[in-house]
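Data first, discussion second: the structure below is written as structure tokens.
As the structure is a computational prediction, the values presented were derived from the model and not from experiment. The basis for the numbers below is simple: all heavy atoms, side chains too, and nothing from hydrogens, waters or symmetry mates.
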Amino acid sequence: MRSALSSPLFFVLLLTGVAAQFADKLALDTITLAATEAGASARFVGLLVAAQSAAWLLISLPAGVLADRVAPRSLILLGGLLMAVGSGFGAVLLAAGMIGPALALSTFVAAAGPVVIALSVFVLMPRAVTLALLPRANSRLELGRASFNLIAPLIAGWAVARGSGWLGLALCAVAGLVVIATAMRLPAEAAPAQPRQKLHRAIAEGGAFVARHPYLRPIALCAIAWNLAFFAFMALVAPYALRVLALDPKAVGLASSVYGAGAVAAALSGAWLIARLPTGMLLVFGPAVSLLGAALLASAPPAWGWPALALAFFLFGFGPILWFITQTTLRQAVTPQPLLGRVSATITTAMYGMRPLGALAGGLAGERFGLEAAIWLPVVLFGLSTLAILASQMPRLKVMPAGELNPG
């Protein structure tokens, strides 16, 4: 039953989505800083980031099928449980100083929670609000996530600088418990009626819809290149900032938190900009400003290190979050309800599944070519993500394709 943004269902979706993404960001910042401070190599930092993000690659597609077949309440409860167990175990490992394969495994388990939660929220959102309110609803969701992402790097930097990185992962476990408690307020409902298909056929149906669609296909290609770039950057940025720019963990955490400021600005202005600017312009803007931010950091002298790092994070927050709000609304508008979970999983795999590959590429490049050369790898990949949109029909798209709106 669609309703206004004040409905209880929207509140539950907002809180669970925010808690899951906050934990995902806090875990990423904590493990990269803690491992670097413990003397881990660039390759091992990349491995940890890859483990944290591999859930999006390995779990998204089957979870998308479940999102179309299983009652969303059950999936959200499962996601909260995975967050609580995985992060709690990781906190114990960090407290014991065990920076090794067990930490990577616990990180993977914890990251699986936000995967299933994000897909469930995406599927439920068009049921929670009217289609006309989708841009505002998605903007509010991003605003909540961005607000907490603003403080996640500060928490991680403060905890690691005090030798208590385990506190960051303990907070992630608490976020999982918040998700469980909040999801209990969702009404129990029957699973959606779906034709029984084999898993691979159900996944292929969603992928084929994306591959054929003139708007969804370039979004997926852009997301693949952008996430390769961003997570190559994330694998490199802590070692680069600490060892090349000679910043301390608190300074890196503070600069990283500017990402949240950019994301908050995008979330606050998202619905307003979507209503007034050409849709295609907004979809080009996100990857283009990412390219600009990465290029400025890679070319900045060490004396300008902190301002360049902060500016790069601000641009990564503002442009891509505005892009995310725009393309999420477009996906919900053009995708038939029975395919929402699988189409979202296909795009999610493109958006987040490239994280481990990007992280591994960044870590290996840093080790083989040195950090000062490897920092240019994200610049090249951000350029490819911008080209994916520019080479499509998307720049000519003036408004949301209202004639194809999801009939729900």
Side-chain angles (χ1 to χ4, degrees), residues 18-38 40 42 44-57 59 82-83 86-87 89-91 93-94 99 103-115 117-118 145-146 148-160 165-173 175-176 226-242 249 252-260 262-263 309 312-313 316-317 320-321 348 351-363 378:
V18 167
Q21 292 300 318
F22 166 69
D24 202 43
K25 181 67 166 66
L26 179 57
L28 177 63
D29 290 331
T30 298
I31 62 174
T32 53
L33 281 175
T36 302
E37 276 291 278
F44 188 74
V45 174
L47 176 64
L48 283 176
V49 176
Q52 195 263 1
S53 54
W56 297 92
L57 178 62
I59 294 176
L82 290 170
M83 289 169 59
S87 297
F89 183 49
L93 293 173
L94 278 187
I99 309 291
L103 179 61
L105 177 61
S106 70
T107 301
F108 174 84
V109 173
V115 175
I117 292 168
R145 291 197 285 218
F148 279 95
N149 284 349
L150 183 63
I151 65 171
L154 296 175
I155 294 171
W158 174 83
V160 172
W166 63 271
L167 280 172
L169 294 188
L171 281 177
C172 296
W226 192 93
N227 279 274
L228 281 171
F230 185 69
F231 279 85
F233 178 83
M234 288 303 297
L236 290 164
V237 69
Y240 184 81
L242 294 172
V252 177
L254 181 61
S256 181
S257 72
V258 179
Y259 172 92
L309 182 61
F313 272 115
F316 292 157
I321 293 301
T348 297
M351 288 176 60
Y352 299 110
M354 295 299 104
R355 288 178 171 188
L357 301 181
L360 288 172

Does a side-chain heavy-atom distance below 4.5 Å link F22 with I151?
yes
Pairing residues for A361 by the side-chain contact (heavy atoms from CB on, under 4.5 Å) criterion, not counting sequence neighbours:
L377
Between side-chain atoms of residues 107-115 and protein atoms elsewhere (two or more places apart, or another chain), which donor-acceptor pairs fall under 3.5 Å?
residue	atom	partner	partner atom	Å
T107	OG1	L103	O	2.7

Contact check, side chains of L167 and W158, non-hydrogen atoms, under 4.5 Å
yes
Would you check, one step at a time, whether the test side-chain contact (heavy atoms from CB on, under 4.5 Å) holds for T30 with L94?
CA-CA 10 Å; T30 298; L94 278 187; 4.0 Å; yes
If I take atom CG from residue L26 and atom CG from residue L154, how far apart are they, to the nearest 0.5 angstrom?
10.5 Å
Sidechain-backbone polar pair: S256 side chain, V252 backbone, donor-acceptor under 3.5 Å
no
Interatomic distance, M83 atom CE to L169 atom CG [nearest 0.5 angstrom]:
11.5 Å
On a heavy-atom basis, which atom in A359 and which in A235 lie closest, and how many Å separate them?
O-CB, 3.4 Å
Please round to the nearest 0.5 Å and tell me the distance separating atom CG of L357 and atom CG of N227.
10.5 Å
Considering all heavy atoms of both residues, which atom of M234 and which atom of T32 are nearest to each other, and what is their separation?
O-CG2, 4.5 Å
The criterion is ring-ring contact (aromatic ring centres under 6.0 Å, His included); which residues satisfy it with F233, sequence neighbours excluded?
F313, F316
